Protein chains: 6
Amino acid sequence: MAHCTDQMLQKIWLQITQEVRQHCIDEPMLASFLHATVLKHSNLCDALSYVLASLLDCPVLPSIAVREIINEAYVADHKIVRSAALDIVAFYERDPVCDQYSTPFLFLKGFHAMQTYRVAHWLWKQNRRPLARFLQSRSSSVFTVDIHPGAVIGSGILLDHAHGLVIGETAVVEDDVSILHGVTLGGTGKETGDRHPKIRRGVLLSTGATVLGNVEVGEDARVAAGSVVLEPVPAHVTVAGIPAHIVSSKPVSNGSTHDCPAMNMDQTLHHKKT
Amino acid sequence: MAHCTDQMLQKIWLQITQEVRQHCIDEPMLASFLHATVLKHSNLCDALSYVLASLLDCPVLPSIAVREIINEAYVADHKIVRSAALDIVAFYERDPVCDQYSTPFLFLKGFHAMQTYRVAHWLWKQNRRPLARFLQSRSSSVFTVDIHPGAVIGSGILLDHAHGLVIGETAVVEDDVSILHGVTLGGTGKETGDRHPKIRRGVLLSTGATVLGNVEVGEDARVAAGSVVLEPVPAHVTVAGIPAHIVSSKPVSNGSTHDCPAMNMDQTLHHKKT
Amino acid sequence: MAHCTDQMLQKIWLQITQEVRQHCIDEPMLASFLHATVLKHSNLCDALSYVLASLLDCPVLPSIAVREIINEAYVADHKIVRSAALDIVAFYERDPVCDQYSTPFLFLKGFHAMQTYRVAHWLWKQNRRPLARFLQSRSSSVFTVDIHPGAVIGSGILLDHAHGLVIGETAVVEDDVSILHGVTLGGTGKETGDRHPKIRRGVLLSTGATVLGNVEVGEDARVAAGSVVLEPVPAHVTVAGIPAHIVSSKPVSNGSTHDCPAMNMDQTLHHKKT
Amino acid sequence: MAHCTDQMLQKIWLQITQEVRQHCIDEPMLASFLHATVLKHSNLCDALSYVLASLLDCPVLPSIAVREIINEAYVADHKIVRSAALDIVAFYERDPVCDQYSTPFLFLKGFHAMQTYRVAHWLWKQNRRPLARFLQSRSSSVFTVDIHPGAVIGSGILLDHAHGLVIGETAVVEDDVSILHGVTLGGTGKETGDRHPKIRRGVLLSTGATVLGNVEVGEDARVAAGSVVLEPVPAHVTVAGIPAHIVSSKPVSNGSTHDCPAMNMDQTLHHKKT
Amino acid sequence: MAHCTDQMLQKIWLQITQEVRQHCIDEPMLASFLHATVLKHSNLCDALSYVLASLLDCPVLPSIAVREIINEAYVADHKIVRSAALDIVAFYERDPVCDQYSTPFLFLKGFHAMQTYRVAHWLWKQNRRPLARFLQSRSSSVFTVDIHPGAVIGSGILLDHAHGLVIGETAVVEDDVSILHGVTLGGTGKETGDRHPKIRRGVLLSTGATVLGNVEVGEDARVAAGSVVLEPVPAHVTVAGIPAHIVSSKPVSNGSTHDCPAMNMDQTLHHKKT
Amino acid sequence: MAHCTDQMLQKIWLQITQEVRQHCIDEPMLASFLHATVLKHSNLCDALSYVLASLLDCPVLPSIAVREIINEAYVADHKIVRSAALDIVAFYERDPVCDQYSTPFLFLKGFHAMQTYRVAHWLWKQNRRPLARFLQSRSSSVFTVDIHPGAVIGSGILLDHAHGLVIGETAVVEDDVSILHGVTLGGTGKETGDRHPKIRRGVLLSTGATVLGNVEVGEDARVAAGSVVLEPVPAHVTVAGIPAHIVSSKPVSNGSTHDCPAMNMDQTLHHKKT
């Protein structure tokens with residue numbers, strides 16, 4: 001799913017505009033906001049830079065200045081907006097309260113924080129570190145999401161609720177991962193170098209999961225709520241506990257036809273009681 | 001305790017104004033704020049809509065616009081303000097640093113977030129979903145409290161410290177519950193339908209407690225700090241651990257004459273070490 | 001390390017100005033901010049009151065008003081700024097992504113929240129309680145750090161990431177402690193009096209650690225991620241689990257020559273699996 | 001014309017709402033503003049306090065606080081809103097670019113400044129002088145209209161363009177007067193006491209007209225553009241020049257059936273060249 | 001002079017960027033403003049929409065929304081920016097304190113107000129009247145310049161100081177006109193239709209000049225300070241007085257080789273004393 | 001009168017604080033403003049930089065940054081604050097509605113604009129021209145007072161009402177001058193060099209007076225409302241008209257014992273009708 005075609009991008013955009021047009025009718029108190037944020041634009045790219053800039057606005061970097069930086073990133077690297085589109089799909093397909101594409105786009109700080117990271121990451125790669133740091137700092141205050149701009153994060157990421165997230169500098173998060181609030185992908189110790197977790201495709205990191213150090217969480221693995229992971233997690237297993245250990249050797253399918261934990265979002269653990 | 005009489009409402013309001021009048025003398029730097037927020041008003045209802053509107057102010061929905069929405073809710077459903085009054089009493093009676101009724105009203109984001117939810121919930125019931133969603137989104141950013149406006153929450157609720165709270169769409173929280181920061185009442189899986197916890201009267205949910213799925217936490221039960229609850233919790237017990245299990249079959253009375261965990265706020269667990 | 005000489009203060013300040021001068025060249029979009037915040041000033045004290053006031057700015061207490069309060073505290077108690085300097089050193093020495101003294105000063109909300117506490121604490125001691133409460137409330141909203149102004153906290157404190165922190169009224173945190181995000185030093189029960197943890201010098205409180213009640217965490221001890229501490233922790237040990245128990249009788253040295261957990265920041269626990 | 005019946009008030013309000021509904025369709029970028037300012041309200045009174053409060057908003061007196069003061073005035077003295085309604089009619093009937101009742105209400109600072117004066121005047125009469133002065137000061141900055149709150153001004157006043165207006169403390173302006181921009185009704189000398197002009201019903205004060213001292217400008221008189229009036233002006237004449245002298249003994253009817261200068265707004269003077 | 005070639009546009013832009021680069025060095029407190037406003041952009045068009053949007057920013061129409069409207073106008077009608085460039089040249093060549101192209105661009109409200117009119121005029125022609133009216137209203141408050149969006153104004157216009165300007169709906173101002181502060185091009189009477197002055201090329205309207213009614217002020221004519229013009233003014237003459245009469249039959253050359261009053265800005269009148 | 005002793009400074013300051021203390025009691029809605037602006041400070045200097053910074057606040061130069069610039073000026077040149085004190089006295093003694101020293105300080109934009117000029121002038125002399133220009137630009141927008149920072153202006157200046165003022169680069173205004181709104185001290189022509197009026201001590205420039213070119217207005221002279229002065233005005237005379245001519249050879253004493261026009265503020269001209 002990690003490629004977003006022009007057609008898909010267009011379809012998502014059309015869907016958002018249709019939903020928002022209905023919102024304007026239902027709630028005229030929000031009409032100008034909806035119009036300025038969505039309906040005034042002809043594509044997702046322009047709308048996205050608008051909504052992010054509005055949210056990040058502050059005297060140090062007013063919205064019209066931050067919007068130019070975002071647009072600069074989007075022009076330089078078209079994949080950023082395609083990743084955003086895949087994130088929208090991730091919210092829509094996996095979060096039961098997201099029955100519209102427009103919901104994460106307009107209302108969810110997990111989506112906004114992830115898109116802020118994507119711009120900060122581009123700045124970091126351009127070696128514009130103070131500005132990347134400034135965006136990280138704004139995201140940490142505005143969204144309580146603290147993602148180091150050096151981290152490498154794929155597409156189709158669901159940041160659900162998104163309170164209190166921390167993702168460290170050398171962390172890697174592959175495509176199609178779902179991350180709930182309170183999750184930490186942290187380092188340990190004060191050495192520099194590659195020291196943060198590597199989260200493979202399809203992983204579900206449940207509420208409050210903490211993964212520390214340069215450990216791999218394998219494809220389609222699941223880290224249960226409140227767990228503390230200090231050692232590598234094989235693919236396709238569920239780990240739980242402090243410290244986390246394997247409680248199930250294949251992800252719970254939960255009646256779903258889909259076995260990917262990031263997709264079915266099943267946080268329940270029927271692991272053996274300790 | 002879950003009924004607030006006119007007399008009680010009046011008494012709370014008078015007490016707040018007396019406390020605030022003293023604050024004005026003690027700290028003239030805050031006098032205009034205190035005057036505009038409290039002393040200028042003749043009842044709790046007007047003061048409450050003022051303080052909430054000030055806190056939720058943003059360009060999309062300026063304070064004078066959001067205040068009208070709040071007033072609309074308060075006029076339509078008098079019980080909202082009575083619930084707020086009972087929440088004030090809950091802070092006052094259960095939180096040792098709240099030695100005044102005015103403290104939660106003026107300073108505590110847990111109180112402000114709960115009152116924002118009450119308005120968003122009323123909008124949700126009126127089918128004004130984009131606006132309800134917008135308030136939820138503001139609460140999530142401003143207070144780091146993400147309560148779905150569809151959740152059903154009673155009166156006399158203490159949200160202590162209130163960082164990083166999540167309460168899902170079909171959750172139910174009955175009267176006289178105490179909830180510390182970092183608590184999650186979450187769903188699991190991506191199916192829609194009734195999928196969130198039911199928290200009965202008198203429950204204490206300690207710091208960082210996570211309850212997932214449509215499970216009941218019975219009356220006067222206690223969920224210890226950091227626990228992850230995946231299965232129903234009987235009334236009057238204490239559960240702890242990941243996953244949580246029963247560690248005590250009656251709430252610790254802690255020298256208090258009151259056995260209700262939400263009331264005595266005892267987070268200590270003298271459970272058997274695992 | 002808990003004393004900051006004039007010379008050290010001067011050296012830190014010079015280093016910050018040199019770093020910031022380079023930032024101005026690298027990122028002219030931030031030049032005015034950097035100039036106004038740092039380069040315009042002749043010492044750390046003035047710069048610090050400027051940066052804090054900017055961040056705490058709100059209509060109730062505009063930045064120029066809050067700056068005067070901060071300056072008042074700094075003039076009355078010179079040690080506040082010296083503690084801030086030691087906090088900067090703590091970030092620089094212990095946090096691998098802090099390779100400059102200017103990073104916490106400019107960008108890290110953990111540093112900003114700790115300095116806000118220091119001013120609120122001074123106000124509290126002057127018996128200016130409503131204003132101290134107001135600053136606590138602002139810190140809770142702006143930084144998601146809720147430190148009661150009555151708490152007593154030393155110098156050289158690292159608040160890393162700083163989401164969702166809670167420190168209660170009678171808590172004591174000695175010098176040279178490192179605290180990750182999601183940590184709670186909470187009370188339990190609703191009695192007043194001395195009821196919060198005492199954290200001794202050199203302690204490391206890892207991500208999401210919860211310490212409840214008037215218990216002591218001894219010198220150079222380590223509380224592992226996600227642990228819930230309900231009983232005293234001896235010096236030099238590592239505790240982990242819910243409830244926490246001793247998993248190692250001396251702190252993991254991790255190849256470092258330094259045995260102090262707060263310094264080496266080693267969050268890994270090689271404790272026995274339960 | 002100086003009485004506004006309930007029926008007239010209702011008719012004006014209905015007309016405004018109809019016009020604004022069309023604006024919402026024509027220009028969705030303004031829909032939320034129009035909705036919050038007009039359509040959300042059920043009467044002119046509520047809408048007027050909303051629009052004024054938005055315009056006068058500043059950190060010292062935020063919009064929700066100033067709105068309460070305005071509402072207080074409107075409740076205490078119903079005539080204030082009726083005078084506002086008559087002002088709207090004055091703009092509509094006399095200003096050719098005002099082809100809608102909603103134009104002054106939404107867009108014209110002359111209308112907004114006059115309504116600010118009406119509230120400041122009420123405060124002045126209540127002996128709340130600092131607040132009255134503050135509103136005067138705000139009006140002077142925001143609208144460049146400096147009307148002393150002690151002045152006595154009737155209904156049906158057109159302040160066209162409204163740049164740089166000054167009306168002194170003891171000035172009287174009766175009903176149905178039209179005043180263009182740059183007009184001064186000033187005192188002279190530094191004595192206190194009754195020292196400002198008395199402008200009788202139906203007068204037209206053209207662009208830049210200056211009237212100084214306690215002199216009367218008689219009913220239906222006309223002061224030509226740029227004139228300086230230092231002596232009484234009889235009723236029904238036109239004065240012009242520096243100092244002003246009578247150039248016409250009856251107002252120019254200009255093909256209109258109406259002889260009142262304030263109504264026909266004829267600024268032309270066919271006076272004898274000097 | 002009223003045509004602006006691509007080359008001239010480019011030259012002006014380059015000159016502005018060079019001047020501003022020097023300002024950044026001279027005054028680092030303004031560096032971010034100068035960078036965001038000028039140096040971040042690659043052409044005058046982008047910089048102009050940025051600076052205008054910043055100045056017109058308000059909650060009803062935030063800067064990022066108003067900037068999109070401005071850009072829409074600039075894309076649809078390339079001449080607007082060329083007119084702006086000619087206005088910059090007009091300030092530079094005629095105003096002695098403007099020794100840099102960047103001065104009007106950055107600092108002069110007369111220039112900003114004229115460019116706001118140009119956008120409002122484009123909206124008016126697109127029949128987007130409420131938005132055009134809103135910009136007029138903002139200009140009237142922010143710059144005290146009230147130009148009806150229906151007026152037709154050429155290029156190379158100097159609005160010097162720009163306090164208290166009024167230009168009516170059917171006014172025409174041709175290219176290369178200089179207008180000082182306090183000038184009115186007003187209607188008279190309340191009839192609609194073509195009722196405002198027509199100002200021909202090269203005219204100088206001095207401080208406080210008032211021209212009323214559909215009268216023509218001929219090419220290279222001069223209206224002296226404080227004059228009130230009620231009748232047509234032939235080309236090449238100077239008029240003065242209330243009402244204005246011809247005081248000189250050819251513009252005072254004032255030692256300059258240039259006979260155009262708008263160019264030499266000579267406000268002196270050596271007219272016969274009356 | 002143009003010297004302000006320490007004693008006088010102290011007396012004015014004490015008087016202001018006493019007046020303001022009473023305002024706090026009378027109008028608690030303004031108490032925080034009054035406290036932060038006046039009562040929090042120990043001298044006029046600190047209070048003045050506070051009130052100016054609040055008024056000039058904008059995203060480009062936030063209040064805490066502009067306050068530092070003002071303080072820098074006040075420290076470098078003590079006479080600036082003494083001049084401000086003499087301006088306060090000028091308002092108090094000459095303006096009948098100013099019955100308190102605190103009135104201009106708190107509420108009058110003519111006073112605020114003059115103090116902004118004083119800081120801009122200091123910057124201009126330091127060759128910090130972009131910043132001086134920026135303050136001029138802010139003053140022109142916020143107060144509609146456009147004083148070139150190069151102008152040289154004495155102490156004891158009353159700017160009454162202050163709408164639409166213009167004072168050019170090479171103008172000189174000596175001590176104890178009173179200037180009403182709409183006054184212009186302008187240049188003429190586009191040559192550079194010394195080209196603006198010189199206003200001697202004790203002069204009264206009435207409403208809308210325009211003085212153009214390098215002409216002297218002699219000591220204790222009076223320029224009547226609406227006059228246009230193009231030639232030198234001898235000391236002790238009154239001039240009026242367009243162009244202005246002498247109408248009285250000694251200032252009208254108006255029953256006052258004081259012959260200085262700036263002091264008695266008599267704008268009346270009993271000059272011979274033309």
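First the proteins, then the strands, lettered A, B, ... as listed; each starts at 1. Predicted model only: the values in this text are computed from it and were never measured.
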| request: Flag the pair Q267(E) / T184(F) as yes when at least one side-chain heavy-atom distance between them is below 4.5 Å, and no otherwise. | output: no
| field | chain F contact via T103(E) - side chain, backbone, both or neither, heavy atoms under 4.5 Å | value | side chain
| So V97(E) and H148(F), side chain to side chain contact (heavy atoms under 4.5 Å, CB included) or not? Walk me through it. | CA-CA 9 Å; V97(E) 303; H148(F) 193 285; 3.7 Å; yes
| field | Stepwise side chain to side chain contact (heavy atoms under 4.5 Å, CB included) test for T144(F) and K109(E) | value | CA-CA 10 Å; T144(F) 61; K109(E) 74 179 184 183; 3.9 Å; yes
| field | Pick from Q22(E), H23(E), E27(E) with the largest number of heavy-atom pairs that fall under 4.5 Å of chain F | value | E27(E)
| note | The interface call for V145(F) against chain E, heavy-atom contacts under 4.5 Å, is backbone
| task | Nearest 0.5 Å please: distance from the CG atom of L108(E) over to the CD atom of Q136(F). | result | 7.5 Å
| Non-hydrogen atoms of chain E under 4.5 Å away: do they reach the side chain of R195(F), the backbone, both or neither? | side chain
| query | Is it the side chain or the backbone of H163(F) that comes within 4.5 Å of chain E heavy atoms, both, or neither? | reply | neither
| query | Which bit of H181(E) comes within less than 4.5 Å of chain F, counting heavy atoms only: side chain, backbone, both or neither? | reply | side chain
| query | If you count heavy-atom pairs under 4.5 Å with chain E, which of G208(F), G193(F), S140(F), S141(F) comes out on top? | reply | S140(F)
| field | Separation between CG of L30(E) and CG of L131(F), rounded to the nearest 0.5 Å | value | 5.0 Å
| field | Heavy-atom side-chain proximity of T188(F) to M265(E) below 4.5 angstrom | value | no
| said: For R133(F) versus C98(E), what's the shortest heavy-atom pair and its separation? | reply: NH2-N, 4.4 Å
| request: Identify the heavy atoms of A225(E) and T210(F) that sit nearest to each other, and give their distance. | output: CB-CG2, 4.2 Å
| query | Looking only at heavy atoms, what is the nearest atom pair of F107(E) and S137(F), with distance? | reply | O-OG, 2.8 Å
| Region of I69(F) in contact with chain E, defined by heavy-atom distances below 4.5 Å | side chain
| query | In Å, rounded to the nearest 0.5 Å, how long is the span from CE of M29(E) to CG of L123(F)? | reply | 10.5 Å
| task | With a 4.5 angstrom heavy-atom cut-off, could you sort out which part of L212(F) is near chain E: side chain, backbone, both or neither? | result | side chain
